[in-house]
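Order of appearance sets the numbers: ligands from 1, and atoms from 1 within every ligand.
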Amino acid sequence: MNCFDQVEFADRSEIERIQAIRLKNTVYQATASRFYRGSLAMAGVKLSDLAGHEDIKKLPFTTKEDLRNNYPYGFLTMPVEEMVRLHASSGTTGSATVVFHTQNDLNSWADLVARSMHMAGVRQGDVFQNMSGYGLFTGGLGIHYGAERLGCLTIPAGAGNSKRQIKMLKDFKVTVAHIIPSYALHLSSVFKNIGVDPKSLYLRVMLIGAEPHSSEIRQRIEDIYGVKAFNSYGLSEMNGPGVAFECREQSGMHLWEDAYLAEIVHPETLEPVPDGEVGELILTTLCREGMPVIRYRTRDLTRFIPGVCPCGRNHRRIDRITGRTDDMIVLKGVNIYPMQVEKILMSIPEVGQNYLIELEREGFLDQMRVKVEIRDEYFVEDMRTLQALQKKITTLLREEILITAKVDLVEHDSLPKNDGKALRVVDKRSQ
Ligand code: ADP
Ligand code: ZN
């Protein structure tokens, strides 16, 4: 299968024609796996029932549980000897799931990442530093091979070791970096400590993704580094990065519909939501031979952005991920997403680069505590000023989440940090 010719600017009818063909191929291929042989037979769907892309609705969903229950080889369509790589999810929400790739799968993936980076303005001749963790995490090798395919000088820096990161950024005149947003903010304080202005480097583009982040965080990253920062979405079950990516317009991520068939459904009824409304993203691989996955419930919440992008690409755009269905905090009967808290915090100039939400139980009462790092220049202020700030944050949060949180102002750089995805919520209620 060679999936990636000339389709970046294809019109809708062409994209849908490709989807129809690839959906049928994918389902045919999938029936070679133990899992889909069973689940497709049970659903009673025949290949002849699949005429167009909308016939995807006839097929059953696949869940993370299905992947776990059929660990390790139950989704493979070929002998394991045909596989050349495996990756695993980071295990943010439980035990990891493993995905296998053939060489063709890896080639298609690298093409998709190269296409995504090119869309964001990265070119041959750029020097590219990948500051995401390598190993099983797909943000390492996944982005790496795409960058090489594009022709960038690619530095596999990996995560952490901030001083060395900064040295490489300087010494090799790095122009493009891939970085997890929370780490980008943390790195900025290392720059500050060693007295280097991030804007004095050569960086012009940052690719940020792998974790939910608000537009306020993106804005901060752009201001600190003097770059354009492009949102990158992917998940290991769908290869990893290269599923959806922002173009230069920065108004939503084009989801590569020649490679993935996307639906957005109500997370409980699993019925499609009206166009433009938020729901759970469902994805089907259209170009994977070793381990196709059909109607995968990503648990990520987003919406299709209506209308056509001025860049001329017709692959539909998804909005930034507002959270995962299983991220939702239920407190005193109110549903809250961490992203709502982040949006408020990051819009307050005194607030620094990190925060942590803790859920506690006092007697029979649930309580939210929000620990907020305050910028150095404000932390030295007198008590009264700090109290006023605390009150301001409490009020703004209450207006957004309808709950009075306890707000602790803490010193810059004092909350725990991760080299990988940030931990934003600690639930102490059942401890
Ligand atoms: P895990 O599910 O264990 O975190 P992955 O490493 O495969 O494993 O991560 C994929 C998940 O990361 C996505 O399902 C999504 O929740 C999150 N994610 C990835 N990219 C983004 C992004 N740009 N914005 C928000 N969330 C993202
Ligand atoms: Zn666009």
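R299 does not count as a contact of ligand 1, since none of its heavy atoms falls under 4.0 Å from the ligand.
Looking at residues two or more places apart in sequence or on another chain, you find a salt bridge (Lys or Arg N to Asp or Glu O under 4.0 Å) between K406 and E362.
If you look at I321 next to ligand 1, the close heavy atoms, those under 4.0 Å, all belong to the side chain. Only the backbone of E211 comes within 4.0 Å of ligand 1, judged by heavy-atom distances. At a heavy-atom cutoff of 4.0 Å, ligand 1 is contacted by the side chain of N231 but not by its backbone.
Taking any N or O of T138, backbone or side chain, none lies under 3.5 Å from an N or O belonging to ligand 1. Considering backbone and side-chain atoms together, A210 places an N or O closer than 3.5 Å to an N or O of ligand 1. Between S236 and ligand 1, a contact under 3.5 Å exists for at least one N or O pair. An N or O contact shorter than 3.5 Å links S232 to ligand 1 by distance.
When each of H266, R299, R324 is paired with E280, the side chain to side chain contact (heavy atoms under 4.5 Å, CB included) condition holds for R299 and for no other. Of the residues R313, K228, R218, the one that meets the salt bridge (Lys or Arg N to Asp or Glu O under 4.0 Å) test with E246 is R218. Of the residues listed (T102, T26, N25, T77), the one engaging E289 in a side-chain hydrogen bond (donor to acceptor under 3.5 Å, both in side chains) is T102, and it is the only one.
Shown here are the protein N/O/S atoms lying under 2.8 Å from the Zn ion (ligand 2), water excluded: C247 SG, H254 NE2, C309 SG, C311 SG.
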Apply salt bridge (Lys or Arg N to Asp or Glu O under 4.0 Å) to E257 and R22, showing your working. CA-CA 11 Å; E257 292 185 273; R22 291 184 183 164; over 6 Å; no
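For the pair Y225 (side chain) and A184 (backbone), a donor-acceptor distance under 3.5 Å is present.
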